[in-house]
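Heads up: the structure comes next, in structure tokens.
As the structure is a computational prediction, the values presented were derived from the model and not from experiment. The figures that follow rest on heavy atoms only: side chains count, while hydrogens, waters and symmetry mates do not. Proteins get letters first, then strands, A, B, ... in listed order; numbering begins at 1 in each.
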Amino acid sequence: MYRIRIHGRGGQGIKMASRILGTALFRSGYTVQDAPKYGAERRGAPIFSYVRAAHQAINERGVIQQPDLVVVADDTLLAVPAAGTLLGIGPDTVVLINSHQSADTWRHRLNLRAKVEILPAQEVVEDRAELPHVGATCAGAAACLLGVIEARKLEQAITEELGALDASVITRNCASALAAFNAMAPRRGLVREGHVIPATGYDAPQWIELPFERADISAPDIRAAANSVQVRTGLWRTMRPIIDHEQCNHCWWICSTLCPDSAIKVENDVPAIDYDHCKGCMVCVGVCPPHAISGIPEYLAQMEDSADATEPSDG
Amino acid sequence: MQPSLLTGNAAAAWGARLARVDYVPAFPITPQTEIIETIAGWVESGDLAARMVTLESEHSMITAAGAAAATGVRVFSATSSQGLLHAMEMLYTVAGWRAPFVLVNVSRGLSAPITLEADHNDIMAARDSGFLQIHCADCQEVLDSVLIAYRLAEDPDIRLPVLVNLDGFYLSFTREPVALPAAELVQTFLPPFDARNIRFSASAPQSQAVAVLGGGPYSYFRYECHLAALNGVALYQQVAEEFAGLFGRDRCAVEDYRAQDAEIVFYMVGSFATKAREAVDRLREAGQPVGLVRPRLLRPFPAAPIAALLAGKQAVIVIDQNLSVGQGGVLHTELTCSLYGRPDAPPIVCSFIGGLGGRDISAQEFYQMVAVARDAVDAGVAPPPRLLYTAEELRETRKLQAIAMAEQVETAPSPQEQGDE
Amino acid sequence: MSEGRIKRMKELPSTHLLGTGTAMCSGCGGLEAVHQIYDVLGEKTVFVNAAGCMTLLSVYPFTPFRGSWLYTAMASAPAGAQGVRDALDILIEQERLPASENLDVVVLTGDGSAYGMGMSATSGALDRNLDFLYICYDNEGYGNTGQQSSSATPHAAATSTSHNYAGYKKDLFAIWAAHDPSYVATVIGSEPLDLARKIEKAKELRGPRMILALSPCPTGWDYDPKDSVEVGKLAVKTGIWPLKEYVDGEVVHTRIPRERLPVRDYLRLQGRFAHLFQPQENTALIDAIQARVDRYWDNLV
């Protein structure tokens, strides 16, 4: 059985990726089980989907604990523990990362004993409408790595799954997916089918008797005030707004008032963006009267951050 | 103190008054409306220093009850049947909030078809919600149970809402002698609500009842409710003993009426259990060692005391005044599950469904159930479940059907009728 | 009316009370309104919430509130507010709680609850003259479940259950006003001064105070999050979202656009109205929408 997990963000077509791969495998003669896993609908928030494919009935269900292939459509997720991108990865797992950075960089950074492959990310994406293709692109690359899907089956699957959309959209998705498929050709078939969990020699679950605890602590109540600040929603960001303080005219703090997430503070008469929490909506860019705020892709900003790491910061 | 004649509804209202409740969110429904009317009268006259608010539905009523309890006041409310079910979502919710309060349910059969008369399907539908449940057999027990219920609800080792059930009409509108306990004694038994950190206040901000994502945390919160409810078995015993000491009445978790040396026992809840006591006395006079085992506490399910009382019995006659469509009687299902595998479990457990929609269960029916049980003991196998329903009743139903169908044709006689006369 | 302290933009708070780090979508117009409202209402509040997007403001163990919060259910937040308000009143009256510990009770619901399932509970609370604030963030659909159409969905909008919504947006302002509460107001996060003044006014009053906040929704209305404020401004400038109050039995508009922009400017920015422009323009439908807006403003004279 192939066990595949695909990680990305809401709005990037991660569910579609699982559908494309699932249908491609199905049309290639496999029994398939595919599903997305998300909570409420949240654009930009980490989500994942999964696909199981086998030549016999699939009785396994739910989250894939031991993936054969993990696809990471948005490499900024690798820094988000809650996204669970690395759950269950073993030495035989192929980890396909859509990234501008190298496999070695990621292997080193994440201390991974797995097979890391890079799907080179597209050049600077200013048109954010391109983002929904990410899922299809990654599905294309994954299809090649599996080695059991032909290009035309991939194309057929995309056409089937995107059927309700505009012909031009389908064409664009097919083109991106096939390009990615071909780009991975040297690694075709790298992903091998995985094994079942044997009934002997398994790690026994550590069951406990849940102890009674009084409702003071066992009721779903929170007594900390505004501790949501511990949730770094800045990790959702794909575009980073930057204030040019020389242009800033210290208006009545329009940016701070209109930031939906309260992520722009004003300290000592200077607005400062809280990058731990800024989601990159870019509302501030549009409302700043002297246009003192501009945006750059987050991954570029992160690369500059690591390059600047040893330099003293400004202001 | 001399007892007065009080209806079950009045007794419930007195329970709330003696408990000095702070807040009564209300909504009318037959057959409990008299409870809130009585309380409304006392609030107006100043005999009860509580605030009463009529909400626009039971779903809202239970929400308001839970929210007020979560803010730290002692809350009382009452409903029945359709109202309890209309609030069903909120029963689970407020239990999960760990909001302690007492809800009296005056048991009434469920629509459809709609009826006003008593049975236990409404209260049984709430059994999984997280509310504790106490079932009353007479009007005195109603008053006593409301007081006991507050002790349970507010105990820090429980902190869950509690349902007190009484049968519509048979108790709600029936007067019986009820002794009103002295207010000072009640104060000793039930001091004012010590809300501790169950509250909303400016200096101690709290986010209560927040969303939970993830099966691990959800399992924890839900199962802790269960563990807290289970604490109720031992705590109920303690509280009942305290109650007995102060007020002289035994309210232990499971009533044992002449069951010790019985060979066959009835097992049922609610007011019709007094009819079972009556049948026990007549059967005993006729030389049959019969008894009654009656749970007062149904949630948490007092498995150990029940098993102890039933140990070594030849047969148990379970009488359910409820029906889980497609399965059968709820008491029967839960009892047999609880007894399974116990070495001393009675070999024969009979299931009878009776009293649906307020249908009477006659003395002769009680005697006949024992005869059936005796035969079963001899045969070594329990009979299939039986609905208590007679040929005469079917004849009557047929007549009504004929009218409803606007037929002039005589209905065909039933096979039993052909055998009669 | 009392003199509010907020007269100019400069007087709006520049540090914010509502914590960051919540799970609302990037660019959420609802969150924009709510954080502005919270700045004025302050932390001596308990927010009572009905099921909707904002239920996920607080997910165990995190909360953005410096005040208090109670999640109830989709249909009954006003009843929850009733319970909390009554209980606080009882405790303070009986001196079991110092008056300094009092809180303002604030219902927070989406349009799904306010326009539909919660209508009965809201009407009941208004009828009982409950002393509370009621904030409805209106993103014109059942947002948390994927933007299915609700009775707040405007005519011709595409949602996940309608490619061209045949219904018309329910007039919730009028329904609330018919109960004669203490105060009703429409607000929008893209007009922060108007919003802040109205919340200040509401804060000073007693009884039911009802706030309806149009909440541009990038996820549900299908536009880039960066345009949330632009969409909001256009809603006001085209006259689609009138900014008004009901107080002392009268409806007063706090903004009357002198020259309204054509509604197409507002519609064109949003993917949910794309079918009005592609593959060809549905002029008749756009004109019909314009006519309804014109009729509203013409009837005001």
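Scanning both residues, A/Ala301 and A/Ile296, for their nearest heavy atoms gives CB-CD1, 3.7 Å. A/Arg5 and A/Thr85 get closest at one heavy-atom pair: NH2-O, 3.0 Å.
With a 4.5 angstrom heavy-atom cutoff, A/Ile254 does not touch chain C via any of its atoms. Within the 4.5 angstrom heavy-atom criterion, only backbone atoms of A/Cys251 (N, CA, C, O) approach chain C. With a 4.5 angstrom heavy-atom cutoff, C/Thr55 does not touch chain A via any of its atoms. Using a 4.5 Å cut-off between heavy atoms, C/Phe65 contacts chain A through its backbone alone, with no side-chain atom that close. Proximity to chain C (any heavy atom under 4.5 Å) is shown, for A/Val285, by neither the backbone nor the side chain. Contact of A/Cys278 with chain C is not made at all, since no heavy-atom distance falls under 4.5 Å. With a 4.5 angstrom heavy-atom cutoff, C/Glu230 does not touch chain A via any of its atoms.
Of the listed residues (A/Ala263, A/Gly286, A/Cys284, A/Cys259), the one with the most heavy-atom contacts under 4.5 Å to chain C is A/Cys259. Contact count against chain A (heavy-atom pairs under 4.5 Å) is highest for C/Leu31 among C/Leu31, C/Leu70, C/Leu18, C/Val34. Counting heavy-atom pairs closer than 4.5 Å to chain C, the top residue among A/Pro271, A/Ser228, A/Ser262, A/Gly234 is A/Ser228. Among C/Thr15, C/Thr22, C/Leu12, the residue making the largest number of heavy-atom pairs under 4.5 Å with chain A is C/Thr22. Interface check for chain C: of the options A/Asp166, A/Val266, A/Val287, the most heavy-atom pairs under 4.5 Å are formed by A/Val266. By number of non-hydrogen pairs under 4.5 angstrom with chain C, the leading residue of A/Thr257, A/Thr233, A/Val229, A/Asp261 is A/Thr257.
Between the side chains of A/Asp34 and A/Ser18, no donor-acceptor pair is found at a separation under 3.5 Å. A donor-acceptor contact under 3.5 angstrom links the side chains of A/Asp75 and A/Ser99, judged on distance only. With hydrogens and angles left out, the side-chain atoms of A/Glu298 and A/Gln302 include a donor and acceptor closer than 3.5 Å.
By the salt bridge (Lys or Arg N to Asp or Glu O under 4.0 Å) test, A/Arg232 pairs with A/Asp276, sequence neighbours left out.
Within the cation-pi definition used here (under 6.0 Å to the ring centroid, within 45° of the axis), A/Arg240 qualifies as a partner of A/Tyr275.
A salt bridge links A/Lys265 to A/Asp274: at least one charged side-chain nitrogen sits closer than 4.0 Å to a carboxylate oxygen.
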